[in-house]
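Note that the structure is a prediction, hence the values are computed from the model and not measured. Excluded from the calculations below are hydrogen atoms, water molecules and symmetry mates; all remaining heavy atoms, backbone and side chain alike, are included. Indexing begins at 1, ligand by ligand and atom by atom, following the structure's order.
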Amino acid sequence: MRREHLLPRPEDTRALGAALAAVVGPGDLLVLTGPLGAGKTALTQGLGAGLGVSEPVTSPTFVIARVHRGGRLPLVHVDAYRLGSGADVDDLDLDASAEESVTVVEWGAGLVEQLADEHLEVRLDRREDDVRTAVLVPRGPGWERRLEG
Ligand SMILES: Nc1ncnc2c1ncn2[C@@H]1O[C@H](COP(=O)(O)OP(=O)(O)O)[C@@H](O)[C@H]1O
Ligand SMILES: [Mg+2]
């Protein structure tokens, strides 16, 4: 899988999420970074669609986290924006275990990396011309190998 992506349209961002859905497995952690409007939720929507989740994946800002079932794996979608640095995603008491799910965290950099031995960092950005970009940064040998495949 390519590491750097130009994402001119929202559907390009969703397509990248769908491509990631094909390579994720139980216990995986994806940490999405980037400013407001960069496409973190859009990417998660594509991931959900790729997993086969049928309900809409919307921003969990006001609930911090949602579990979407009905797809190949449960999708745990976390918005860590209002989680304090001491808070732990485990404290959210989600009715899905991280080991059986794929967990995607918006605004989670520096907060949630310890949830898994390794993770994929997805750096989303919004250029001055409004084109979105993504860089996939494997954080661990397993992700390194998977992106090479
Ligand atoms: N290439 C693109 N990728 C993703 N979103 C885009 C793109 N171009 C425009 N947009 C718009 O930008 C917004 C991205 O919102 P969202 O995915 O919620 O961002 P974030 O979760 O990072 O704050 C949406 O309104 C979407 O329609
Ligand atoms: Mg969002």
Option of least heavy-atom distance to atom 17 (O) of ligand 1 (set: A42, G17, G34): A42
Check ion pair E144-R146 (N to O, under 4.0 angstrom): no
For ligand 1, the portion of [X] having any non-hydrogen atom under 4.0 Å away:
X	result
S59	neither
T41	both
R9	backbone

[atom] [closest protein heavy-atom partner, distance rounded to 0.1 Å]:
atom	result
atom 14 (C) of ligand 1	G37 O, 3.5 Å
atom 4 (C) of ligand 1	T13 OG1, 3.3 Å
atom 12 (O) of ligand 1	R132 NH2, 2.9 Å
atom 26 (C) of ligand 1	P10 CG, 4.3 Å

E55 side chain to H68 side chain, donor-acceptor N/O pair below 3.5 angstrom: yes
Under 3.5 Å side-chain donor-acceptor pair for T133 and R126: no
Atom pair CG/CD of L30 and E106 - distance to nearest 0.5 Å: 11.5 Å
Within-cut-off N or O pair, L36 and ligand 1, under 3.5 Å: no
Short N or O distance, D130 and ligand 1, threshold 3.5 Å exclusive: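 In fact, backbone or side chain, D130 has no N or O that close.
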Contact flag D79/the Mg ion (ligand 2), N/O/S atoms, threshold under 2.8 Å: no
Heteroatom N/O/S of S59 within less than 2.8 Å of the Mg ion (ligand 2):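 Looking at S59, which is the residue asked about, there is no N, O or S atom under 2.8 Å from the Mg ion (ligand 2).
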